[in-house]
Amino acid sequence: MNQKPPDRDYQELLRRYRAKVTRELIGLPPRISTRRSRSANLRQSDMDEALRGGTGTYQKLENGVLAPSRELFLRVARTLHFSDHHLRIAHLDLFRTDPVLPMGPVSPHWHRWVGSHTEMAFVCSPAGDVIAANDAFTRMFPTGGPPSNVTEWALLSAEAREEVLQNWERDWAPHLLADLRLALARHPDDPALQKLRDAVRGDSRTRHIEDAPTGVGDEPRQLRHARRGVVTVRVLTSYTRGVTTVTLLSETPSRTGAATSAERRR
């Protein structure tokens, strides 16, 4: 006799959350049972009613018969009040990718996080609005402090183009544009990102630059630090729950390179 295959993660989570959720919680009136008692338990058919889908659609989804679209599955997960953590697990199980989650409340602990770094570090919104920055990052700028929006500064300001980001048009701009394009793909309805996209398209320099195949975090790049002069950095980025954390690792010259430079000065 063929045994039924075990449930996948997303099926187990659908059943778990449906068992916890009531009709009232998803906006449906209590059901009147045959014994005239009010029943709040959520049936598979109730999910069809809540989703305004065809009869049996949710049953097929929960039983693994129907492979849902991303849009349908996200609607189901929102209706059942999935936690973000379980939504990620189910989405990865179904589609092998992380879902794009809306930006949640900004944690007050980001200032502590950047303050714990000796390297230049900051946290920003998807559009580049600086949420927190450490002193090492602040000291990089000729003006004495970081801009309010680091993406706009890096792509459109004369300070970034002509003074701070070395070989801006070749080494920085194409990769910054690639990161902007990715942010827009994640958050297509973000008005701040839409405004940045329009500004880039209307700018006489950036509109002629093609975005690179990778973001800014791949290769070492040079910038002119306000106090240290030209330094080589590697940009490490991480995207989590609607914010981007960025660390600029300064590359230390090797001992051999330092010795060679010292010999040349003699």
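Numbering starts at 1 and runs along the sequence shown.
- Of the N and O atoms on the side chains of Gln11 and Glu62, not one donor lies less than 3.5 Å from an acceptor on the other residue.
- Every pair passing ring pair (Phe, Tyr, Trp, His ring centres under 6.0 Å) that includes a residue from residues 11-30 is listed here, sequence neighbours excluded: Tyr17-Phe82, Tyr17-His86.
- Scanning for ring-ring contact (aromatic ring centres under 6.0 Å, His included) contacts around Tyr10 gives an empty result, with sequence neighbours left out.
- Residue pairs meeting the salt bridge (Lys or Arg N to Asp or Glu O under 4.0 Å) criterion with at least one member in residues 49-59, sequence neighbours excluded: Arg23-Glu49.
- Within the structure, every pair that satisfies the salt bridge (Lys or Arg N to Asp or Glu O under 4.0 Å) test and touches residues 166-185, not counting sequence neighbours, is listed here: Glu169-Arg205, Arg181-Asp211.
- Annotation: side chain of Arg186 is not in contact with side chain of Leu193 (no heavy-atom distance under 4.5 Å).
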Check against side-chain contact (heavy atoms from CB on, under 4.5 Å), Met47 and Leu28
CA-CA 10 Å; Met47 285 297 294; Leu28 298 177; over 6 Å; no
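- Of the N and O atoms on the side chains of Arg139 and Asn134, not one donor lies less than 3.5 Å from an acceptor on the other residue.
- Atom CZ of Arg112 has 12 or fewer heavy atoms from other residues, nucleotides or ligands within 6.0 Å.
- Sequence neighbours left out, the pairs with a member in residues 119-144 that pass ring pair (Phe, Tyr, Trp, His ring centres under 6.0 Å) are Phe122-Phe137, Phe137-Phe141, Phe141-Trp153.
- With no hydrogens or angles considered, no side-chain donor-acceptor pair links Arg234 and Ser250 at under 3.5 Å.
- Taking a 4.5 Å side-chain heavy-atom cut-off between Ile, Leu, Val, Met, Phe, Trp and Tyr, the cluster of Leu249 extends to Leu236.
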